[in-house]
Amino acid sequence: MTQRNTLIQFLSQWLESESLFIFWMIILNLTDSNVNYSLFLKDILSARAELMVLLCDTAIVSFTVIITDFVIYALFRKVKFVLTAFKAFLITLSAITFIADIFTLYSYNLPLNDIMFEIIALTNFRESFEFIQTYVMKPEIFLFFAAVVLIIYFIHRIFILIRKSKSLCAFMILCLLCTGIFAYLRELNRAGGIFRIINSMSLYRLSFLTVKYYNGINAVKKMTDEAPEVILTSDKSTIPYVVFILGESTTRNHMSLYSYELNTNPNLSGRKLYIFDDTISPHTTTALSMQKIFTFCRLDSPNEWFTYTNLFSILKSASYYTFWLSNQENASAWQVTGFYPSMCDYAEFTEKLKDDMYRGTAYDEALLPILDKTLNTKHSKNFYLIHLLGTHFHYHKRYPENFSVFSYEQEHTKLKVISDSNKEIRARYDNAVLYNDYVVNEIIRRFENKNAVVIYISDHGEEVFDEVNFLGHVGFMTRGTVEIPFMIWVSDEFSQSYPELERRIASSVHKPYMTDDMIHTLLDIMSIETPEYDPAKSIINESFDITRLRIPEGYIYDKDTGVHALQ
């Protein structure tokens, strides 16, 4: 009985002293929500779907904050000045992140991310002052922040009144805790672990970005110090235009080219394509996949990816003029998405974080004028890397309104039960795939009258409630997250110039393949060899090893049986 009374007293003390901190921290951590608020005004179904996402995000944040605060209170409650100082420190950091998130959401439609953090870390005082003058010293910014401050003040006063009623305060915290537990269990099933919970905390994001930045700085030094020397053992390359389109988050299971029930590829289906039907990605994230795609590092390699020779250094040695055109963020060389462009002769981004983000996310067709401009330059051998934003979440931001073709009524899945809101998400994804079909076709169209080969793959796939109640690609391994499209198109002039190479491509479309060996295939296509090149790892080579076990991220994959955990 004494222990029970002691526990009740402990909980009542915590509730009385910490309730205001809990509510305050919940407010400061709600900027990284997955909600698209504009859809509240579109229709009832969209509003209901976004409201459910908002409630889920709020519950997860509440659960995380309450548990974190309870642990802190239990550890430091007997040392009051330490508890007070630590809480003040957490509030200050959360408030700074909150202000940064509000500004970046207002200006760029994104919460604080690694690209923005990098810009802040690398900016000097003069650049900071100029940035403030240009982007912050605006009447609408001050009005926006004034409105936010007023809202927070009134919420703060309401919470103070609530706190005076211990029973009401306890009831609210209990509701937040219970809904948080429910949301956590729901996300655990959908997202494969605690990733979503941790990522919902602005403090975690801030610490993660800091660690990622300084780890990247160290990686840059290793890239420079440990970069291997490029040696060409054979160079018979003559193809004037080699184009490699790197898609984003596109699973082949939502492409009608791969027998998907909805016609998501009306443009590409009219072309002569060599469609590889058994290709998977080595990872379910962009950075890790790209580390393998463009270097000789593969899943079973013993060393870090940047210690291996990369494709762009090889191409430069083979006298190819290399282009990197991207609709993704322009990162520094310490990130893989910045390191590769830095190795190219020409790199251009759509600069989403500057001009385009004021109008919303730039669609992939923004790359077409850039491509047209570069095609006016004259080089004997050209290699294009075109990095799309593809079908990355949030799907409704990936395509213009005229590509809103599919609706939730047309969506069917293997799941026994799927809500209309989840069907609506699937429809948005299919619309993004439809738009991706248009963009890829437009890129191909620009090379129809050239001696060119165009290769298209996606960095990884996406699960969109196909096999399991899960949305995305991080934290869960399914067919959708690893089964990716891989196709090759060749122009008429290419067919006449390289008939044997085309024959080898055509005879290889049913071979099992994983894209951590992509560099071998690309070099084989271009007739370039290095000491690391292995014909047994090129899918178009007669020596290709079809017996290799494909084990992406610790799971074994088979086309017939799917993805299984290793025993």
Side-chain angles (χ1 to χ4, degrees), residues 7-8 10-35 37 48-77 83 86-87 89-95 97-98 101 105 111-112 152 155-156 158-160 162-163 165-209 393 419 421-422 468-472 474-476:
L7 179 60
I8 292 173
F10 173 78
L11 291 173
S12 64
Q13 288 177 353
W14 169 70
L15 178 64
E16 184 178 358
S17 61
E18 303 300 300
S19 57
L20 197 59
F21 173 84
I22 291 170
F23 289 128
W24 182 236
M25 289 290 288
I26 289 171
I27 294 173
L28 294 178
N29 282 278
L30 269 179
T31 50
D32 193 26
S33 177
N34 291 313
V35 175
Y37 292 99
R48 188 177 68 183
E50 297 304 321
L51 181 61
M52 292 304 297
V53 174
L54 179 60
L55 291 174
C56 185
D57 285 348
T58 305
I60 289 174
V61 171
S62 304
F63 175 79
T64 310
V65 168
I66 291 171
I67 296 301
T68 302
D69 179 65
F70 189 81
V71 172
I72 293 170
Y73 182 81
L75 291 174
F76 299 117
R77 68 189 180 94
L83 180 64
F86 194 60
K87 292 297 180 63
F89 175 73
L90 292 182
I91 288 177
T92 302
L93 276 184
S94 292
T97 309
F98 176 81
D101 280 342
L105 282 166
L112 184 67
I152 290 177
I155 293 175
H156 178 71
I158 291 171
F159 284 160
I160 289 177
I162 293 173
R163 190 183 178 209
S165 172
K166 292 182 181 179
S167 58
L168 180 58
C169 188
F171 175 75
M172 289 189 65
I173 291 178
L174 182 63
C175 287
L176 289 173
L177 190 60
C178 291
T179 54
I181 292 172
F182 174 78
Y184 166 71
L185 294 175
R186 179 171 176 266
E187 290 301 319
L188 184 63
N189 181 45
R190 291 177 58 179
I194 205 168
F195 176 81
R196 174 77 182 280
I197 292 180
I198 297 175
N199 199 45
S200 68
M201 289 288 289
S202 61
L203 288 174
Y204 167 77
R205 284 193 292 119
L206 191 62
S207 62
F208 172 78
L209 294 176
F393 192 77
S419 65
S421 59
N422 286 346
V468 293
N469 186 28
F470 173 70
L471 174 68
V474 178
F476 213 86

CD1/I66 to OH/Y73 distance, rounded to the nearest 0.5 angstrom? 15.5 Å
Smallest separation among heavy atoms of F98 and I27, with atom names: CE1-O, 3.6 Å
Calculate, to the nearest 0.5 Å, the distance between atoms CG and OG1 belonging to L28 and T92 respectively. 10.0 Å
So do the side chains of D69 and K87 get within less than 4.5 Å of each other, counting heavy atoms only? yes
Quick check: do F23 and I173 have side-chain heavy atoms less than 4.5 Å from each other? yes
Nearest 0.5 angstrom please: F63 CZ to L176 CG, how far? 12.0 Å
F76: side chain to side chain contact (heavy atoms under 4.5 Å, CB included) partners, not counting sequence neighbours: I72, V82, L83, F86
Point-to-point distance, once rounded to the nearest 0.5 Å, from CD1 of I26 to OG of S94: 11.5 Å
Using side chain to side chain contact (heavy atoms under 4.5 Å, CB included) as the criterion, list what pairs up with T179, not counting sequence neighbours. A59
